[in-house]
Amino acid sequence: MKEQIKNLLELQDIDLQIEALLQKEKEIPKQKEKLQIQEKKLRQEIEDSEKTHKKLVLDQRECERQIAQLQEQIKKYNNQLQGVKKNEEYQALLKEIDEIKKQIGLKEEEQIKIMLQMDEANLFFLEAKKRIETEIQQLKKQEEQIDKELQEVIQERKGLEQKRLEAQKSVSPELLSHYLRVKQRKKTGPVVVPLKDEICSGCFMQILPQVVNEIMASEKIHTCRHCGRILYYPGLLDK
């Protein structure tokens, strides 16, 4: 009976290692997802910077277009001045021309302001792009390391699964069947647990004295009547 418990504990140890590795396989991709979110934000930062610069370029072109239109209007009024005979009409045209010149002055000031903003935006974009590209390269290296780690975990788990196939051959069919049933029900954690001071170390419930005596005597396999885990007495394994 002692050998069966030892064999079962060896099997359980492998199962617990596999369980831990499977959990890692779930958690590792989440680390990569976080890095990809960071990368996406960094790329968005570059894109926003480009959009800001492009908008300023469009604003500048619009200013140039409006200034050109106003200058054409002045030419038109200047041509009209040559054919005007009445002083009132002449003065009215001069007033229109003067007003348009003021508008051109305002547009030119706006254009200068936009050009300064463009220089600042372009400098910021180049610096930000350089910084972000460096950060993205670092994230890529971390992602590659995560991929490598995941593959190592998968390979280790597959090796243990092969080892498990051999280990379960050493456990009696009846005991293995019970172990697998409890394991399926519990999902995680140990199924074979030590008896500690007449307490099941799995659910921490009291075990009947007669059952405790039989477990300590290694007469037969006992399970906890509360949680169904297989119980053993650690002191027997050292003998």
Side-chain angles (χ1 to χ4, degrees), residues 18-84 89-159 187-188:
I18 291 172
E19 183 183 308
L21 291 172
L22 286 170
Q23 186 61 33
K24 273 190 176 182
E25 287 178 41
K26 290 180 182 178
E27 294 300 325
I28 289 173
K30 292 179 183 178
Q31 297 173 23
K32 187 174 180 180
E33 286 172 12
K34 289 179 181 178
L35 294 177
Q36 288 172 336
I37 289 171
Q38 291 180 40
E39 183 181 337
K40 187 177 179 180
K41 287 180 179 178
L42 290 171
R43 293 192 185 280
Q44 186 63 48
E45 191 177 333
I46 291 179
E47 189 177 328
D48 291 343
S49 236
E50 285 178 324
K51 284 179 180 178
T52 299
H53 188 265
K54 285 177 181 178
K55 184 180 181 303
L56 289 169
V57 170
L58 292 174
D59 289 345
Q60 185 195 27
R61 288 175 182 171
E62 179 60 20
C63 270
E64 290 174 349
R65 187 189 67 79
Q66 290 176 2
I67 289 170
Q69 283 182 340
L70 292 169
Q71 288 171 341
E72 284 297 319
Q73 191 68 34
I74 289 175
K75 287 180 183 179
K76 180 182 175 183
Y77 285 155
N78 281 331
N79 290 334
Q80 289 179 9
L81 283 173
Q82 297 175 10
V84 171
E89 293 179 4
Y90 189 85
Q91 291 300 323
L93 283 172
L94 286 177
K95 187 177 181 181
E96 287 291 336
I97 290 170
D98 187 57
E99 185 62 33
I100 292 172
K101 285 180 178 179
K102 288 179 181 178
Q103 291 179 37
I104 289 173
L106 292 172
K107 285 294 175 186
E108 285 175 343
E109 288 179 8
E110 184 181 343
Q111 189 178 31
I112 291 170
K113 189 183 292 184
I114 290 171
M115 288 174 69
L116 290 172
Q117 289 175 341
M118 281 178 61
D119 289 341
E120 290 177 4
N122 190 49
L123 180 61
F124 175 80
F125 169 69
L126 292 174
E127 290 177 349
K129 188 176 181 182
K130 185 178 179 181
R131 170 182 59 81
I132 289 169
E133 284 176 348
T134 300
E135 289 181 22
I136 288 175
Q137 286 178 0
Q138 292 172 348
L139 289 175
K140 287 292 184 188
K141 287 180 181 178
Q142 291 180 53
E143 288 175 19
E144 288 173 5
Q145 185 60 39
I146 287 171
D147 288 337
K148 183 181 177 183
E149 183 184 350
L150 179 59
Q151 288 306 312
E152 288 174 353
V153 168
I154 291 171
Q155 288 302 314
E156 185 179 356
R157 190 250 304 163
K158 287 181 177 178
K187 304 297 182 186
T188 60

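Since we're looking at a predicted model, the values are computed, not measured.
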Distance in Å, [X] [atom1] paired with [Y] [atom2], rounded so as to fall on 0.5 Å steps:
{"X": "Cys63", "Y": "Glu109", "atom1": "SG", "atom2": "CD", "value": "11.0 Å"}
{"X": "Ile18", "Y": "Glu25", "atom1": "CD1", "atom2": "CD", "value": "10.5 Å"}
{"X": "Ile132", "Y": "Gln44", "atom1": "CD1", "atom2": "CD", "value": "10.5 Å"}
{"X": "Met115", "Y": "Gln60", "atom1": "CE", "atom2": "CD", "value": "5.5 Å"}
{"X": "Ile28", "Y": "Glu152", "atom1": "CD1", "atom2": "CD", "value": "9.0 Å"}
{"X": "Glu33", "Y": "Glu143", "atom1": "CD", "atom2": "CD", "value": "11.0 Å"}

Using a strict cut-off of less than 4.0 Å between a Lys/Arg side-chain nitrogen and an Asp/Glu carboxylate oxygen, indicate whether [X] and [Y] qualify as a salt bridge.
{"X": "Lys140", "Y": "Glu39", "result": "yes"}
{"X": "Glu110", "Y": "Lys107", "result": "yes"}
{"X": "Glu47", "Y": "Lys51", "result": "yes"}
{"X": "Glu50", "Y": "Lys54", "result": "no"}
{"X": "Arg61", "Y": "Glu64", "result": "no"}

Decide side-chain hydrogen bond (donor to acceptor under 3.5 Å, both in side chains) for Glu62 and Gln66; before the verdict, give the C-alpha distance in whole Å, the side-chain angles of both, and the deciding distance to 0.1 Å.
CA-CA 6 Å; Glu62 179 60 20; Gln66 290 176 2; 2.9 Å; yes

Determine whether Glu133 and Ile136 satisfy the following criterion, side chain to side chain contact (heavy atoms under 4.5 Å, CB included), listing intermediate values before the conclusion.
CA-CA 5 Å; Glu133 284 176 348; Ile136 288 175; 5.6 Å; no

For residues [X] and [Y], determine if any side-chain heavy atom of one lies less than 4.5 Å from a side-chain heavy atom of the other.
{"X": "Leu139", "Y": "Leu42", "answer": "yes"}
{"X": "Glu135", "Y": "Arg131", "answer": "yes"}
{"X": "Thr52", "Y": "Lys55", "answer": "no"}
{"X": "Ile100", "Y": "Tyr77", "answer": "yes"}
{"X": "Ile97", "Y": "Leu81", "answer": "yes"}

Using every non-hydrogen atom in the two residues, find where [X] and [Y] come nearest and quote the distance to one decimal.
{"X": "Ile146", "Y": "Lys32", "answer": "CD1-N, 3.8 Å"}
{"X": "Leu56", "Y": "Ile114", "answer": "O-CG2, 3.4 Å"}
{"X": "Leu21", "Y": "Val153", "answer": "O-CG1, 3.5 Å"}
{"X": "Lys101", "Y": "Ile74", "answer": "CG-CD1, 3.7 Å"}

Walk me through whether Gln23 and Glu19 qualify under side-chain hydrogen bond (donor to acceptor under 3.5 Å, both in side chains).
CA-CA 6 Å; Gln23 186 61 33; Glu19 183 183 308; over 6 Å; no

Can you check whether Lys75's main-chain N or O pairs, donor with acceptor, with Asn79's side chain at less than 3.5 Å?
yes

Is there a donor-acceptor contact under 3.5 Å linking the side chains of Gln151 and Asp147?
no

